[in-house]
Trainee: 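The structure is given below, and queries will be raised subsequently.
Just so you know, ligand 1 is whichever comes first in the structure, and atom 1 is the first atom listed for that ligand. Side-chain atoms are counted along with the backbone in the values below, which use heavy atoms only and exclude waters and symmetry mates.
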Amino acid sequence: MATRMILGAIRKRSVSTLVIAEHEGGTIKAPSVSAVAAAKSLSDDSSISLLLAGSGPSLHEAASHAASCHPSVSQANPLLTNKFKNPLAEPWAKLVHLVQQSGGYSHIIAASNSFGKNVIPRAAALLDVSPITDVTGISESHTFVRPIYAGNALSTVRYTGANPCVLTIRSTSFPVPQKSVDSKVDQAPISQVDLSTFDEDHDKSRYISHTSQDSERPDLGNARIVITGGRALKSAENFKMIEKLANKLGAAVGATRAAVDAGFVPNDLQVGQTGKIVAPELYMAFGVSGAIQHLAGMRDSKVIVAVNKDADAPIFQVADYGLVGDLFEVIPELLEKLPEK
Ligand code: FAD
């Protein structure tokens with residue numbers, strides 16, 4: 001019954017978007033809220049449905065949060081399903097396919113993070129459409145801007161394929177105005193996805209376990225401040241200086257691929273073309289040369305500070321503040337002079 005009401009609302013509008021939403025602890029995760037912001041910018045008159053999956057009470061709390069997670073969403077239609085506790089890409093892609101068949105959405109959007117990048121290409125293949133990835137700008141409902149050549153050029157692409165137009169968006173390009181979040185809106189209708197015809201079987205992947213780090217540090221993708229170390233740190237032991245500095249500033253820790261490959265830190269801290277894309281208010285790079293693949297992941301940061309002992313290091317070309325110096329002198333001095341958090 002509820003599903004039929006939603007479909008009725010959708011057919012009146014030219015743009016109806018299904019946002020693939022991740023949630024944690026009863027709230028919609030920030031990258032998915034950015035995906036809602038992107039969905040909103042497709043058209044003033046767009047209707048937005050969030051596809052949420054999981055189990056337990058937190059799923060229902062997240063469904064309530066879905067309606068108020070973005071200030072411009074006056075009504076969201078979270079579709080709920082209690083299956084899909086574990087984020088395996090294959091069944092999720094099938095779920096998106098199933099929901100699209102009944103919902104007839106014009107657009108499907110997910111954040112360009114590891115979850116979205118895993119699910120969206122598979123879902124697009126099932127739907128027989130070409131996805132447009134890493135969108136950073138939306139000019140109108142079928143025209144998008146996306147970076148190419150490791151962020152050195154921007155291309156404008158127009159989607160001329162069949163519905164749905166399937167996108168991943170860079171969450172750093174669709175920020176959510178902080179103070180308006182959680183503003184009161186009407187409770188959205190909640191509909192359950194009918195999974196009676198859903199075949200959950202797949203043999204491509206298997207859930208084994210989930211680990212998350214218990215850290216007070218902010219998440220790298222959403223942090224206001226990021227402190228990054230490069231190969232110049234020389235060892236995992238020395239890299240702890242970066243972590244101490246991050247703790248003092250309430251910042252997230254980032255690393256270059258060279259630092260990750262050398263085993264100083266795990267690869268989920270890598271910033272860059274093949275790592276995370278970040279755009280914090282302050283990005284501090286210590287002993288980072290500024291290779292284009294690294295810049296691709298941080299050049300949109302508001303203020304960039306670089307410390308490098310080579311005055312010709314390319315990082316200085318994107319830095320707002322540069323210090324030519326030895327990080328083994330600069331970081332201890334900063335640690336000494338900065339007040340405790
Ligand atoms: P280096 O290039 O070795 O630079 C070290 C810097 O530290 C130098 O500038 C040096 O002057 C400075 N230095 C040395 N000692 C000190 C000191 N005591 N004090 C201060 N400064 C000092 N890289 C990424 O980071 N992210 C990616 O996502 C990524 N993706 C890639 C994808 C592809 C397909 C390829 C080919 C490469 C990718 N890379 C990526 C690797 C990238 O090209 C660089 O090799 C890497 O970013 C270099 O890391 P680095 O700056 O730590 O090391």
Trainee: Who pairs with Glu24 by salt bridge (charged side-chain N to carboxylate O under 4.0 Å, His left out), at least two apart in sequence or on another chain?
Mentor: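 Counting only residues at least two positions away or on another chain, Glu24 forms no salt bridge (charged side-chain N to carboxylate O under 4.0 Å, His left out).
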Trainee: More than 12 heavy atoms of other residues, nucleotides or ligands under 6.0 Å from NZ of Lys117: is that the case?
Mentor: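 Check passes, neighbour count above 12.
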Trainee: Can you tell whether the side chains of Glu281 and Arg224 come within less than 4.0 Å, N to carboxylate O?
Mentor: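 Between Arg224 and Glu281 there is a salt bridge, with a charged N closer than 4.0 Å to a carboxylate O.
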Trainee: Near ligand 1, which residues have a heavy atom under 4.0 Å away from one of its atoms?
Mentor: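 Within 4.0 Å of ligand 1, the protein residues are Gly230, Arg231, Ala232, Thr256, Arg257, Ala258, Gln270, Val271, Gly272, Gln273, Thr274, Gly275, Gly287, Val288, Ser289, Ala291, Gln293, His294, Asn308, Lys309, Asp310, Gly325, Asp326, Leu327, Phe328.
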Trainee: Tracing side-chain links under 4.5 Å among I, L, V, M, F, W and Y, which residues wind up in one group with Tyr149?
Mentor: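 Listed partners: Ile148.
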Trainee: Counting distance only, does the side-chain N/O of Asn238 pair as donor-acceptor with the main-chain N or O of Leu233 below 3.5 Å?
Mentor: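 The answer is yes, because a donor-acceptor pair under 3.5 Å joins these two groups.
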Trainee: Ile292: which other cluster members, linking ILVMFWY side chains closer than 4.5 Å, directly or transitively?
Mentor: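 Ile292 clusters with nothing; isolated.
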